Structure formats: structure tokens, C-alpha cells
Amino acid sequence: MNVTQQIINAIWLGSVYSLFSLGYALVFSVLGVLNLAHSAIFMWGAFIGLVSVLYFGFPVWLSVPVAMIGAGLLAVLLERVAFAPLRARGAPRISQLISSIGASILLVSVAQLIFQQLFGAQMLARFPLGSIPTDPIEGLPFNVTPIQVIILVVALVLMVLLQLLISRTRLGQRMRAVAFNTRTASLLGINVGGIFVFTFFLAGALAGAAGVLFGLAYNALTPFIGEAIALKGLTVIVLGGLGNIQGALIGGFVVAGLEVFSIAAGGSNYRDAIVFSLLFLILLVRPQGLVGQKEGTRA
Amino acid sequence: MEFLSSLGISEPVVQFALINAILGLSIYLTLFTGMFSLANAGFMAIGAFTGVIITQRLGLPLPIGVAGGMLMAGVIALPIGLPVLRLRDIYLAIATIGFGEVVRILILNFDPLVSGLIGMDVEITGGALGIKRIPKLTETWHLIIFLILISYFITRLHRSRFGRAMAAIRQDEKAAANMGIDTVYVKNVVFILSAMIAGGAGAWSGHLTRIISPGDFGFDKAVDILAFAVLGGTSTWVGPIVGGFVLTALPEVLRFADQFRGVINGLILMLVIVYVPGGLVNPAGIRRIFERLRGRKSPSAVPPTSTEAGSKA
Amino acid sequence: MKSAARLFLILLILVPALAMAQEATPEAVASVPMGTSACPAPATLSGEVTIGAVLTLSGGASVYGGPQQAAIQLAVDQVNEAGYLGGATLNVIFEDSASENEQAINAMTKLVEEDQVVAVLGPTLSREAFSADPVAQDNGTVVMGVSNTAIGITDMGEFVFRDSLPEAAVIPGVIGQATELLGLTRVGLLYANDDDFTVSGYEVMRDAFSELGIEIVGEETYATGDVDFNAQLTNLLSGDPDVLAVSALAAEAVQITLQARALGYDGYIIGGNGFNSPAVLEQTGADSEGLIVGGAWNIGNPTPTGESVYFVAAYEAATDSSPDQFAAQAYTGAWLLAEAIRCADSADRTAVRDSLAGIVDYATPLGVFSFDENRNPIHAPVAQIVREGRFVVLTAETGVLGE
């Protein structure tokens, strides 16, 4: 049993889950809605980054900001089309969740059409081989590749930046005010609609960054890459306490640790059953999440 | 019939439409009581596997299989509902998604699990491939009768004391409790009834698709079932039936659209969800339109329909 | 006479190809157009003969249905260009199953009852076949699976055929050959436990290794759609295997290969049908070294048939992408139906069935093709190893890694 390697595996997988879940948690923290189209935006982010490299000849590093802007704008469009009309007529959060499922189905089927046109019927696409070094870093007692380190660092940096934005800036203050109470916020003169749009842009940009890095790390993109990680991401943000951004980061590592541990212990058949049972139990026992205080402390 | 088949509506399409209408009604019950549960794909799986095991492994007739499927789904719903129904809206939705996934994985691993427990190799659920070559025992008239029975039961339920308690819980659970309604009892009974209907639909459909495998009952199925009810509308029991029919027929009617079929299908679903509040069958909405046509001013405060009022925001 | 001439032709292609196998120069095989028929052009057949295809053109399995559609369309166009059906033209109606059993039944019903097609290709997935094939069987219409590998498909009735080799017909041979040539002793197994295709592949692998007395150092599973296999691989590698046997679909096969290499494993990896996609070699680059692949057809086969070379060139010209095994089997399936219709000289469903069942030694991209008495395919599978980025025939020499 290679314990060190399994710990490395868990940290790496945890950083992927955390990175995916940051934007997911952000939307919940400010708007109180569960955006199940987050995984579709994530997939589109990866796709936009890929197109910028393959068809516009951008260098690989530049595809990250390009994907962030592209996915951010797509998320804003999503907000305007799928969420704003519902909010305008005072529909409850559940309607917005249903609407996000519809949007997700639509975004994936459109992507499928485009993938087929661009990449042929097999719809498999990837960044050019050698875009990033894939050989393990030498001289270490375990195997780790540069992209794995990059993703971990990016996930941590983005989390810190997001925390700083929310806790230290005027914009973040407004976001927190909106999160606390929309009506009070608008009475205070805050442009609530603007905050919503900005939040979605930010969440989309985070999903876009996650998408490209994911695409670089697991160099095989299809229109379906978001679907497998969507339910994992849900578990992560529940574990972290819905809408808790630090919690999402911790939740990512907890879920990954649990998965790796269940495999290392010889139970790969029951890995997902264990993870989803935990999701179930956490909601019953500690709905505020592992690190949360109590409900109502979003953002 | 000629006209229907020219649209691509063959007998199997009608049969699946009936199954989906039944599934729509199953989730309608919980939505009508203000509970946003996505557990029905899991209960459908339990009903399907129980029903098929009864007819195929035990050799008993189909009605016993369906009854067994419903019973098993109901029995499992009880211990699940008691803790889970304390949760509200999004929390309940997520917990029931987790339940569905656990059910799917347990069915997948059921054979090795049981084999290990009793110490000999058995084949019960058949793992990833599931149970195949199930004879097609379900007939269209079975489904029509089942749907009529369920619909009749639901209309009776609505007119009963219990039905008024359901509506009261949807409007405001706390107020309902203050009025002396045993909300825990009502919610759990509704959850069990909903599970039983989904289980029945599963048992019928297993004898229609000729193969059942755990993968058929994942998150996608839960979303499908939700869509039947939401698209049709949940302010009356007619809505989910219409939703089930429309969403089954739509992909068949859209076959002419070739590769754009999926996109058009998704677009229609999306547009109805966002821009037709209350779904396709919404008496309140229709009344408003009539009033507007007659030149009367529509009431400014729109009464929330049940999907929309699934919970308080 | 005709068949003797064909045999000669095949030998003419195969012998030099085999001789050159050591140098592994696939370009050396000459292209042979499809359609070396055992029957004269039909005399009475006229008008339009319509076949159907039920494929996963959308939904989770659309990555397989797309190439199948392109390949079938290509075959039908070629049949018509060649005037293969005499005065008649072949027409195909594609129906999408959306990767769902229910829609597969609906699509099959539409084709068989409404469109009155002569025969149907598909459905793509085995579970869809178990759902929909009885509709064709009950209506006395041929249905030919071009990618169904599950056990029991053709037991559904005498109108049910398939041209796709089940894993049980491919894997044991490859494993036996590899074990003998390379002296394998310890194997680690990895597969998706929620997919019937990968599970049946795993079962065949496990049984083959057990029978050969090879020690299984570990068995690990994952879920379809997973992208990270580091934890499972770490477990397996700690048992120090000299071969990893992987039953996976193409997208996962790529990740598993890459991640095993990144974890420092440089031994053999034996894969089933899922590894038989051009994408696997393309996407794994140098990490593909030592990949041993068994399958019904492979674009990298160093000793392809002339028909295979012809098919690859035509497919690439038509679609701008390389065909995978799914495409090759679908293409072959369409040609097999055309041959059956030609030989029956009739569009009568039962006549076509009987004619199809009687096909013997038909030259296809898959090799020389026949059906056995249970309407399952008979043709030689391929067993190759990747050396320096391309497939070569597996021998004791080519199998030595790390030179």
C-alpha cells in the first residue's frame, strides 16, 4: 500500500473538485439559488479555451483568461434568460433550480452539435499534445506532474482572491448586503440586478478557469465532461455548507479524500455509494455543512 | 390512429406516454404538498427490479409483480421519509438526489453484496447489465386502467380532509401545523404514496422495455420525471398527465429535425419552464387570459400556482 | 470460379502484407474496393430498397452513433455508385435512439411498421438491442447489431444478427498470445462496474487470466464518466503487476493509460474493444508504448485487408476524421445487407434474411467474413502492440519493451 501516493492523489483530486465548486458556491452564497447549469458553463469554458488555442492560435496560457471571459459572459446570458424572468415575478428558489436544469440540457445539446461539426462524429477534442509538461516532477518520493501543482495553486489563489473580494472590497460588501437581504440592499441604493449579473459573471469566469485547467489536466474534452463532476460538485458544496466559499474548498478535499480512502481500503465498488450517503447524512445531521456556523450566514 | 402514426406516435409511444403520465402524477403528489423530492427515479428503480424479480425469478403473474413493486417502494419510503422530510426545498432536493444515487449503486452491487452475506453466488439484480429478456407483459389497457385508478384516487384525495391538509402544508407549513394539522404524518403518507405510484410505474415499464439496468434510473431519470410535472403544470392533477404525454411525444414528432432534435427539445422545455409559469395546464393562468380578453383588469396579486409555491423563497 | 479468383486476390494481398509485417509498413497494402460479390447483379430488383438504422445520435452514447452514421451513409453511397443492386437504389433512414431504451423501441417500431424497411442496422447499445430487437423479430424483419457485444443478443430470434465480435471471441486469444510470448505472471484488473460492455469485458479477462494460472494482484472499479483513476492505479501498482488489463470505453482508456504512466508504470497494458479507437493512440502519444490491443478491427492494424485500406481512405475523405471500430463494423454491416439484398434479388424481408444467413467468406474491412449458425460473426480478430507510436503485430520480438 502506497500511502504517500494515495495522499498525493487525494490532494490533487481535491483541488480539481474545489476549483470546480468555487463558482457553484458563490452563486448560492449571493443569490441563494442552486445553479445546476454550472457544470455546463464549466464545459463551455473548457471548449472556449480549446477553440482559442486550436482555431485562433492563442498560446495555452492565454486560453485561461479567454475562457474566463467567455464563460463569464455565457453565465450572464444564462442569468438574464433563465433566472431573471423568474426572479422578476417572485418565483421561489426551486423554480430557478428547475430552470437551471433546463438551461443545462440546452447548453449541452448545443455543445454537442458544435463538437460534431468541429471535431467529427466522435466529439473527442484535446489541447495539442505537449501543451503542458506531463512527465512527473523528478527527485520526489512520489509521482506528481506540473499541471497537478498548477491546479492546486490556482484553486488556492482563486479562493483567496474571492475571499478578499467579498470581505475587503466595496463590491464584496454590496454582494454580502444582497446575499443578506435583497430588499434591504435595494433600499440602501445598491443596484441589486447589477450585483446579480456581476456574481454570475464571476461564477462563470471561475467555471471557465476550472474548465480549461481541467481540460489541460485530463486532456480529453467532450460535451459531457460536466455531467460526471456535477453531482460530485453538489456534494462538495453541501459538505462545505451551501454557499460557504471556504467550505467549498474544504469540501472538495474532504470528498476527494473520502473517495481515495474508500478505494485505498479496497472498496472501489462502493466509492460513490459512500460519498452520496455522506451527502445524505450531512444534510440530516449538519445541514450547515462541516465548517458552517448556522443557516443564514451566507457569503 | 392513422393521423397519430403519421406524426410518429406508434403504440409503444402511447405506452411510454402512459408510463410517464403515471410518473408525473407520482411527483405531483409531493409537489402539491410543497415537498420538492427528486427521489422518484430511485423508487421507480425499486419498483421495476422488485416487479421483474417477482415475475421472472419467482414466476408469479404480472399484477403480483406490480403490487410487489409498489409495496417495496412504499416500505422503503417510510424509513427514508421520516428523517428526510424534515428538510425543505433545496436541501430536500439534494438529499433525495443523494438517495437516488445510493439506490442505483446498491442495485448495481446487490448481487455481490448478497452473495457475500449468504456465502454463495446468487444472481438477483444482474449488476450493470441488469435483467434482460423480460417478456413484454404490459398491455396498453393495463396502463390506461392503472392511470384512471390513480387519477380517481387523487381526485378523491383532493376532496378529502387529508387533501385539504396537503394544500394547507403547501401554502404554509407552519400555519398548517398551528391549525392542528399533523404535518409530519401528512408529509410522510404523501411521500409513501408518491413512492408507491413511482414503483408501480417502474414495474409496468420493466415489462415494456424488456430490459432493466441500474443506469436507467439515475439522475437523468429524476430530472425527466420532474419535467413531466413541471411542464404540464402542478396546479391540477391533469397537468402532469399532459406533461408526460407531451414530453414523450415531442421527441418522436421532432424526428424530422434530425440533429437539431435535441436542441429544439431542450429549447421548448426551457422556454416553457421560464416563460409559462404554472405549466401548460394552469386554470388560473387560462382564466387570467380570458379575463384579459374580456377587457377586465387582471388581479395584480397573482396567486402562486403550486409548482411556483413549492416553497417559500 | 469466382470464389477461387477472390481467394487468389486475397492471398495476393495478404501474403505480401504478412511478409512485410516485420517492417510494419501499412502503406504497402493496396486498396481494394468493396463489393466482391458472390452473386451476379440482381436482374429483377428495381426501384428503391430502404433499410433503416437505429443509432445513438444524441445522448450519452452519441460518440458511438455519430461514426456509425457516417460509415453507413458512406457504404450506401458506394453501393449506389457501384450499381451494386442493379436497377435498384439503396436508401437508408437513420433514427436516433437518444441513448434510451424507450426511444430505441419507438425508433425501431417506426422503421419496421411505418416505414416498412427491409432490414435494420443497430441499435448501438446492447441494452437498446435487448429492448428493440424483439420489435423487428416479431415483424419478421432482419435486425443486425453492428456494435452489440453482450451475451445472448442473437438468441432473441432468427431475424437477429450481429457483425460485432463479442469480447469473448477476442480477448482470450489476445491474452493467451501475450502471456505465452511475453511470459506474464502478475496482472492487475481495472474496469467500469456500471456499464454492461466493460463489465462483460472484465469477466472475460478475469476468466482468461485465471485459466492461464496468472496471479491477479488486484481488481479495481470506477464509474463511467470518471476522469481520475490515480487512486485505483496506485492500489493496483502496489501489487507490482507486469501487466494491467483494462476494460474501458475509449475516453477512459486514454486517461487510464496517461495516468498509469504518470504514476511511473511502464509495463504492458492490455485493453479490449474500448482501446480500439484512433483517439487512444492519438491522445496518449508516447505513453501508448506497450499497449496491447485486441479487437475486431483497428485502424493501426499493420496487416489490414485491401478493403480496410479502401474503407479508411474513403471514410477519411468523406468525414475529415479517422474511423474507429464502430465505424468499420457499421460500414461492414451496411455492405453485408447490400450483399444479402443483391443475392436474394428481392426486397422481401424473409428472402433477405435467408440470403444474409447464407453469406460466406465475404471480403470486408474486418477481414473475410461469415456468419455462424447462430448469426454471430466469424472473422479473425486483431492482436497488436504499440511500439514507437504505431501498432505492430505482437510477437516475442516486438513485445520486448525498453529497447
Side-chain angles (χ1 to χ4, degrees), chain B residues 2 4-17 19-20 101 104-105 107-109 111-112 126-136 205-206 208-216 218-221 224 248-249 251-266, chain C residues 57-62 65-66 69 93-115 125-135 137-138 149-153 155-157 191-203 221 223-225:
Chain B
E2 270 300 288
L4 281 180
S5 61
S6 72
L7 281 175
I9 314 290
S10 55
E11 195 187 1
V13 181
V14 173
Q15 292 171 332
F16 293 127
I19 296 270
N20 290 341
E101 286 299 295
R104 185 178 65 78
I105 297 161
I107 293 176
L108 195 61
N109 291 298
D111 291 354
L129 189 52
I131 303 174
K132 61 190 178 185
R133 303 202 62 193
I134 305 161
K136 188 178 173 186
S205 92
L208 210 53
T209 53
R210 298 170 188 261
I211 178 169
I212 49 170
S213 44
D216 302 339
F219 180 63
D220 288 352
K221 194 71 182 187
D224 284 348
T248 315
E252 300 306 320
V253 175
L254 287 176
R255 282 197 178 276
F256 69 89
D258 284 336
Q259 75 265 39
F260 295 102
R261 195 169 76 118
V263 175
I264 298 175
N265 204 21
Chain C
L57 300 177
S58 66
S62 51
Q69 182 181 30
I93 302 175
F94 293 104
E95 292 298 346
D96 176 23
S97 70
S99 313
E100 288 174 11
N101 299 346
E102 287 88 346
Q103 287 207 32
I105 294 178
N106 296 342
M108 186 69 81
T109 308
K110 174 184 177 290
L111 288 172
V112 169
E113 291 180 2
E114 180 70 18
D115 301 327
L125 303 176
S126 291
R127 59 172 169 80
E128 294 174 340
F130 281 117
S131 275
D133 284 2
V135 176
Q137 171 68 29
D138 293 348
T149 53
I151 297 163
I153 291 281
D155 296 344
M156 280 186 281
Y191 66 103
N193 72 344
D194 58 354
D195 182 278
D196 61 274
F197 174 78
T198 53
V199 170
S200 49
Y202 148 75
E203 285 170 353
T221 64
T224 303

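Since we're looking at a predicted model, the values are computed, not measured. The sequence lines fix the lettering, A, B, ..., with proteins before strands; numbering per chain opens at 1.
Heavy atoms closer than 4.5 Å to chain C are found nowhere in B/P214, neither backbone nor side chain. The contact between B/T209 and chain C is made by backbone and side chain atoms together, counting heavy-atom distances below 4.5 Å. Only the side chain of B/N109 has a heavy atom closer than 4.5 Å to any heavy atom of chain C. Proximity to chain B (any heavy atom under 4.5 Å) is shown, for C/Q103, by both the backbone and the side chain. With a threshold of 4.5 angstrom between heavy atoms, C/D133 does not approach chain B through any atom at all. Contact annotation for C/E95: both backbone and side-chain heavy atoms come within less than 4.5 Å of a heavy atom of chain B. Within the 4.5 angstrom heavy-atom criterion, atoms from both the backbone and the side chain of C/A107 approach chain B. Only the backbone of C/D195 comes within contact range of chain B, with heavy atoms under 4.5 Å apart. Contact of C/A223 with chain B is not made at all, since no heavy-atom distance falls under 4.5 Å. With a threshold of 4.5 angstrom between heavy atoms, B/L108 approaches chain C through side-chain atoms but not through N, CA, C or O. Neither the backbone nor the side chain of B/I134 comes within contact range of chain C; no heavy atoms are under 4.5 Å apart.
Put simply, of C/V135, C/D194, C/D96, the one with the most heavy-atom pairs under 4.5 Å next to chain B is C/D96. Top candidate by heavy-atom pairs under 4.5 Å with chain B, chosen from C/V199, C/I105, C/L57, C/T198, is C/I105.
Residues B/T248 and B/N20 bring a donor and an acceptor atom of their side chains to less than 3.5 Å of each other.
No donor-acceptor distance shorter than 3.5 angstrom exists from the side chain of C/S200 to the backbone of C/A150, with no hydrogens or angles considered. Side-chain atoms of B/R261 never come within 3.5 Å of backbone atoms of C/S58 as a donor-acceptor pair (strictly under, hydrogens ignored). Using modelled atom types, no side-chain atom of C/D196 and backbone atom of B/A128 make a donor-acceptor pair closer than 3.5 Å.
For the residue pair C/Q137 and C/M156, the shortest heavy atom distance occurs at CG-O, 3.7 Å. Across all non-hydrogen atoms, the minimal contact from B/D216 to B/I211 is OD2-O, 4.2 Å.
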Show your working on salt bridge (Lys or Arg N to Asp or Glu O under 4.0 Å) between B/R255 and C/D115 and close with a plain yes or no. CA-CA 13 Å; B/R255 282 197 178 276; C/D115 301 327; over 6 Å; no
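To the nearest 0.5 Å, the span separating CG on B/D224 from CZ on B/F219 amounts to 10.5 Å.
Surrounding CD1 of C/I93 are more than 12 heavy atoms belonging to other residues, nucleotides or ligands, all under 6.0 Å away.
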